[in-house]
Amino acid sequence: VCKIILQGVREVFGGRDWQWGWLEAILVVVAWVEITLAFIAGLEHQPGFNISLFRVVRLVRLVRLLQAVRYEIFRDLLMMVRGALGGLRTLMWSIVLLYLPVYSLALFLRETAGAGARMGQDDEYFYYGTVARASFTVFRCIVAGDCSDKNGGSLSITFLEEYGGGGILMYS
């Protein structure tokens, strides 16, 4: 109502931003209907009266916040958001390229070291029994530099004892 008084009916409903004017008018009418129905339901004490549809309409009110993004003060914020969204594609491909060798080595270790391991009984199962466990172990060894077993010993030495010099070359 204040907007209509300040800008006039013609500007609000027929000006440059006429869509926003009509959306705001519809939201005000729906809010008044919601208040009226809630008041009537309160007077009649009807416990089965359900106005959940109006809760959905309340979410539409959040659309009005998009109107604020058009102001000059939000221009830098909008540029930052666009830059972050533009960088997500690059970030996704860098993650894929970084994880590809880890996954390849983990798959190889799962098929070699983890293939004969018995569930829960061998250390090989603990580190290489599934692709997920093998991926975590390889990631831990390559990225974090923590290539130790659960007792604090070196997994490289364990691999050397189990599979010989060829195994340690593959693992290193």
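For the numbers below, each heavy atom of this structure counts, side chains included, while hydrogens, waters and symmetry mates do not. Quick caveat, the model's predicted, so the values are computed rather than measured.
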So how far is it from [X] [atom1] to [Y] [atom2], rounded to the nearest 0.5 Å?
{"X": "R82", "Y": "L77", "atom1": "CZ", "atom2": "CG", "value": "10.5 Å"}
{"X": "F139", "Y": "L98", "atom1": "CZ", "atom2": "CG", "value": "9.0 Å"}
{"X": "L97", "Y": "M92", "atom1": "CG", "atom2": "CE", "value": "9.5 Å"}
{"X": "M79", "Y": "D76", "atom1": "CE", "atom2": "CG", "value": "5.5 Å"}
{"X": "T90", "Y": "I95", "atom1": "OG1", "atom2": "CD1", "value": "11.0 Å"}

Heavy atoms only: give me the nearest [X]-[Y] pair and the separation to one decimal.
{"X": "G129", "Y": "R110", "value": "O-NE, 2.9 Å"}
{"X": "F13", "Y": "G21", "value": "CE2-O, 3.6 Å"}
{"X": "R16", "Y": "E11", "value": "N-OE2, 4.0 Å"}

Quiz prompt | ILVMFWY cluster, V96 and V102 together (side-chain gap under 4.5 Å) | solution = no

Quiz item: Cluster question for you: counting only ILVMFWY and a side-chain heavy-atom cut-off of under 4.5 Å, with indirect links fine, are I142 and L100 together?
Solution: no

Exercise. With side-chain contact (heavy atoms from CB on, under 4.5 Å) as the test, would you mind laying out the steps for V138 and L109 before giving the verdict?
Key: CA-CA 9 Å; V138 170; L109 287 171; 3.5 Å; yes

Quiz item: Would you say F136 has more than 12 foreign heavy atoms packed within less than 6.0 Å of its CZ?
Solution: no

Exercise. In sequence, state the C-alpha distance, the side-chain angles, and the governing distance for L88 and L85, and then conclude on side-chain contact (heavy atoms from CB on, under 4.5 Å).
Key: CA-CA 5 Å; L88 285 179; L85 291 177; 3.8 Å; yes

